[in-house]
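Note on naming: letters A, B, ... go to the chains in the order of the sequence lines (proteins, then strands), and numbering restarts at 1 for each one.
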There are 2 protein chains.
Amino acid sequence: MTRSRAQKSDLTDAEYRKLAAFRQALRGFVAFSAAEAAAIGLTPRQHQVLLAIRGWPDSMPPNIKSLAERMMIRHNSAVGLIQRLEAAGFIQRIESSGDRRFIQLSLTPKGEAALAALSASHLTELRQRGPRLVEMLQALISG
Amino acid sequence: MTRSRAQKSDLTDAEYRKLAAFRQALRGFVAFSAAEAAAIGLTPRQHQVLLAIRGWPDSMPPNIKSLAERMMIRHNSAVGLIQRLEAAGFIQRIESSGDRRFIQLSLTPKGEAALAALSASHLTELRQRGPRLVEMLQALISG
DNA sequence: TGAAATATATCGTCTTACGACATATTAAAT
DNA sequence: ATTTAATATGTCGTAAGACGATATATTTCA
């Protein structure tokens with residue numbers, strides 16, 4: 001839909017279309033990911049939690065607070081996620097032997113298997129979608 | 001955290017870390033976007049709806065069904081989004097003059113202004129984050 | 001020993017998403 | 001023309017997930 005520009009700082013129609021197209025491409029990946037997760041009984045956020053725990057960059061497993069920081073959510077939001085994942089048998093909570101305030105998070109065998117399947121399909125899909133995502137981003141930021 | 005490989009098809013620790021790092025980078029952009037939207041009273045999805053309407057690729061404005069398809073959600077989910085956006089004054093619904101089942105969606109001046117501000121800051125941010133996102137994606141899919 | 005700091009948990013509320021179902025309008029079939 | 005299909009939108013109940021505010025347990029520090 002064509003629109004005139006109201007101010008100098010406004011974006012052009014073409015820029016809005018490119019921004020919208022990039023978001024659309026991102027949604028495409030997110031939707032793929034959500035469908036894959038749903039197929040094995042996980043929500044998108046639950047999948048992300050499993051990946052964050054398994055791909056944790058440090059040598060020590062994460063606790064709730066550090067996981068919340070990496071997920072960029074509040075600690076109390078993380079508590080809910082962890083509770084549902086534990087109830088469904090995908091992760092374990094182990095009280096730290098030292099400071100008993102800390103809870104060490106790790107995947108159960110069920111969680112490992114679920115994440116392995118999801119990660120393989122995501123890797124394949126990203127190899128497919130990657131080039132197009134990069135294209136749309138380049139078109140947007142170099143315009 | 002180091003883990004042994006259970007099956008041939010399992011990913012390596014390094015691959016999990018790269019996948020997690022890419023997700024982390026995506027979350028970074030999404031979190032930036034959510035914070036910007038929140039600063040002007042919009043939820044992330046509401047912002048995306050404004051952008052999808054404004055950056056609509058066709059000459060005719062979208063209706064609920066076509067918007068839902070582009071947003072990759074069910075039509076009834078779109079109805080709720082549209083209702084809240086209209087109640088908050090960001091968009092208008094105009095009954096189509098031809099087939100009266102269709103509702104034409106468009107931004108109000110308030111919606112235009114909100115989206116213009118968000119789009120400008122997103123464009124700037126994407127120019128910043130773009131290269132890093134592309135790097136992480138390349139590292140992941142070429143590994 | 002008492003106070004501050006830290007980690008986790010709980011509660012109430014909102015947005016979003018869904019499936020199932022309902023209603024209105026138009027198109028197609030007879 | 002009237003019934004039947006299809007289409008577009010709306011409603012209802014339920015669940016996940018996010019938040020702020022508040023609570024509890026544990027550790028550290030003064």
Side-chain angles (χ1 to χ4, degrees), chain A residues 23 27 30-50 52-53 60-88 90-105, chain B residues 23 27 30-50 52-53 60-88 90-105:
Chain A
R23 276 281 179 169
R27 276 196 300 270
V30 169
F32 159 81
S33 183
E36 288 285 305
I40 56 175
L42 286 169
T43 67
R45 289 309 250 182
Q46 287 171 349
H47 169 210
Q48 283 188 53
V49 168
L50 295 190
I53 293 174
M60 284 296 295
N63 57 17
I64 301 254
K65 178 184 160 84
S66 55
L67 179 73
E69 281 166 1
R70 189 151 170 96
M71 296 286 294
M72 298 174 183
I73 56 180
R74 303 281 157 188
H75 74 94
N76 49 339
S77 303
V79 168
L81 279 166
I82 292 300
Q83 283 173 342
R84 287 184 290 269
L85 276 168
E86 187 183 35
F90 290 98
I91 67 171
Q92 293 170 322
R93 308 149 59 104
I94 302 174
E95 202 178 62
S96 175
S97 46
D99 190 330
R100 298 211 314 282
R101 289 172 301 182
F102 289 79
I103 304 280
Q104 293 184 346
L105 302 171
Chain B
R23 277 282 179 168
R27 276 196 299 271
V30 170
F32 159 81
S33 183
E36 289 284 306
I40 56 174
L42 286 169
T43 66
R45 288 310 250 183
Q46 289 172 347
H47 168 211
Q48 283 188 54
V49 168
L50 295 190
I53 293 175
M60 284 297 294
N63 57 16
I64 301 254
K65 180 184 159 79
S66 56
L67 180 73
E69 281 167 1
R70 189 150 170 97
M71 296 286 294
M72 298 174 185
I73 57 180
R74 303 281 158 189
H75 75 93
N76 49 339
S77 304
V79 168
L81 280 165
I82 292 299
Q83 283 172 343
R84 287 184 291 270
L85 276 168
E86 186 183 34
F90 290 98
I91 67 171
Q92 293 170 322
R93 307 148 61 102
I94 301 174
E95 201 177 62
S96 175
S97 46
D99 191 329
R100 297 212 313 283
R101 289 172 300 184
F102 289 79
I103 303 280
Q104 293 185 345
L105 302 171

Novice: Of all the choices, D:dA21, C:dT26, D:dT9, which nucleotide is nearest to the side chain of B:His75 once you look at every atom?
Specialist: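 Of the candidates, D:dT9 comes closest.
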
Novice: To check you understand the geometry: which heavy-atom pair defines the closest contact between A:Phe90 and A:Ile40, and what is its length?
Specialist: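 Smallest heavy-atom distance, with atoms named: CZ-O, 4.2 Å.
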
Novice: For A:Pro44 and B:Ile82, take the nucleotide of DNA chain D holding the closest heavy atom to each; which residue's nucleotide lies nearer the 5' end?
Specialist: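 Nearest-nucleotide comparison on DNA chain D picks B:Ile82.
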
Novice: B:Asn76 has an atom CG; how far is it from atom P of D:dT7, in whole Å?
Specialist: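 Computing the B:Asn76:CG to D:dT7:P distance gives 17 Å.
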
Novice: Measure from the side-chain heavy atoms of B:Gln83 and tell me the nearest of D:dA18, C:dT26, D:dT11.
Specialist: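 Closest nucleotide to the B:Gln83 side chain: D:dT11.
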
Novice: Where do A:Gln48 and B:Arg27 land on the side-chain contact (heavy atoms from CB on, under 4.5 Å) test, with the steps shown first?
Specialist: CA-CA 10 Å; A:Gln48 283 188 53; B:Arg27 276 196 299 271; 2.8 Å; yes

Novice: From CG of B:Asn63 over to P of C:dT25, roughly how many Å is that when rounded to an integer?
Specialist: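 Those two atoms, CG and P, are 16 Å apart.
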
Novice: Where is the tightest heavy-atom contact between A:Gln46 and A:Leu85, given as atom of each residue plus distance?
Specialist: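 So the minimum-distance heavy-atom pair works out to CB-CD2, 3.6 Å.
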
Novice: So if I take every side-chain heavy atom of A:Gln46 and compare against D:dG17, C:dT8, D:dT26, which nucleotide ends up nearest?
Specialist: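 Looking only at side-chain atoms, A:Gln46 lies closest to D:dG17.
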
Novice: Nearest nucleotide by nearest heavy atom, which residue falls closer to the 5' end of DNA chain D, A:Gly80 or A:Arg100?
Specialist: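 Whichever sits nearer the 5' end wins; that is A:Gly80.
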
Novice: In whole Å, I'd like the distance from the CZ atom of A:Arg74 to the P atom of C:dT8.
Specialist: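 To the nearest whole Å, that distance equals 16 Å.
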
Novice: Output the rounded distance in Å from CE (A:Met71) to C1' (D:dA16).
Specialist: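 For the pair A:Met71 CE and D:dA16 C1', the rounded distance is 13 Å.
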
Novice: For a quick test of reading the model: is some side-chain N or O of A:Arg45 closer than 4.0 Å to OP1 or OP2 of D:dA16?
Specialist: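 Result: no.
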
Novice: Nearest to the side chain of A:Arg101, which nucleotide is it out of C:dT8, D:dT27, D:dT9?
Specialist: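 It is D:dT27.
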
Novice: In the structure shown, which nucleotide is the Watson-Crick or G-U wobble counterpart of D:dA5, with both distances under 3.5 Å?
Specialist: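 Its partner is none (no Watson-Crick or G-U wobble pair with both distances under 3.5 Å).
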
Novice: Could you tell me the separation between the CD1 atom of B:Ile73 and the P atom of C:dC18, rounded to a whole number of Å?
Specialist: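 That distance rounds to 7 Å.
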
Novice: Round to a whole Å and report the spacing from CD of A:Gln48 to P of D:dA16.
Specialist: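 Spelled out: CD on A:Gln48 to P on D:dA16 is 17 Å.
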
Novice: Looking only at side-chain atoms of B:Leu81, point me to the closest of C:dA17, C:dA20, C:dT8.
Specialist: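 Of the options given, the side chain of B:Leu81 lies nearest C:dA17.
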
Novice: Quick one: on DNA chain C, does A:Val79 or A:Asp99 contact a more 5' nucleotide (nearest heavy atom)?
Specialist: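 The residue mapped nearer the 5' terminus is A:Asp99.
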
Novice: Name the one of B:Ile73, B:Thr43, B:Ile82 that satisfies side chain to side chain contact (heavy atoms under 4.5 Å, CB included) with B:Val49?
Specialist: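 Exactly one candidate clears the test, B:Ile82.
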
Novice: I want to verify the glycosidic state of D:dA23; is it syn or anti under the 90° rule?
Specialist: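 Anti, angle beyond 90° from zero.
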
Novice: For C:dT26, what is the paired nucleotide under Watson-Crick or G-U wobble rules, both distances under 3.5 Å?
Specialist: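 In the structure as shown, C:dT26 has no Watson-Crick or wobble partner.
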
Novice: If you only use heavy atoms from C-beta on, which nucleotide in C:dT8, D:dA16, C:dC18 is closest to the side chain of A:Thr43?
Specialist: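 The listed nucleotide nearest to A:Thr43's side chain is D:dA16.
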
Novice: Search all heavy atoms of A:Ile64 against all heavy atoms of A:His75 and return the closest pair with its distance.
Specialist: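 Between these two residues, the closest heavy atoms are CG2-O, 3.9 Å.
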
Novice: Take the protein atom CD1 of B:Ile64 and the nucleotide atom P of C:dT23, then report the distance between them rounded to whole Å.
Specialist: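 To the nearest whole Å, that distance equals 19 Å.
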
Novice: In terms of side-chain heavy atoms of B:Arg84, which of C:dT15, D:dT27, C:dT10 is nearest?
Specialist: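 For B:Arg84, the side-chain atoms sit closest to C:dT15.
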
Novice: Taking the minimum atom-to-atom distance to the side chain of A:Lys65, which one of D:dA16, C:dT8, C:dT15 wins?
Specialist: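 When the side chain of A:Lys65 is considered, C:dT8 is the closest of D:dA16, C:dT8, C:dT15.
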
Novice: Can you measure B:Ile103 atom CD1 to C:dT25 atom P for me and round it to whole angstrom units?
Specialist: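 Rounded to whole Å, this separation is 11 Å.
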
Novice: Of the listed nucleotides (C:dT16, C:dA7, C:dA17), which one gets closest to any side-chain atom of B:Ser77?
Specialist: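 Closest nucleotide among those given: C:dA17.
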
Novice: List the steps, then state whether side-chain contact (heavy atoms from CB on, under 4.5 Å) holds for A:His47 with B:Arg23.
Specialist: CA-CA 11 Å; A:His47 169 210; B:Arg23 277 282 179 168; 4.0 Å; yes

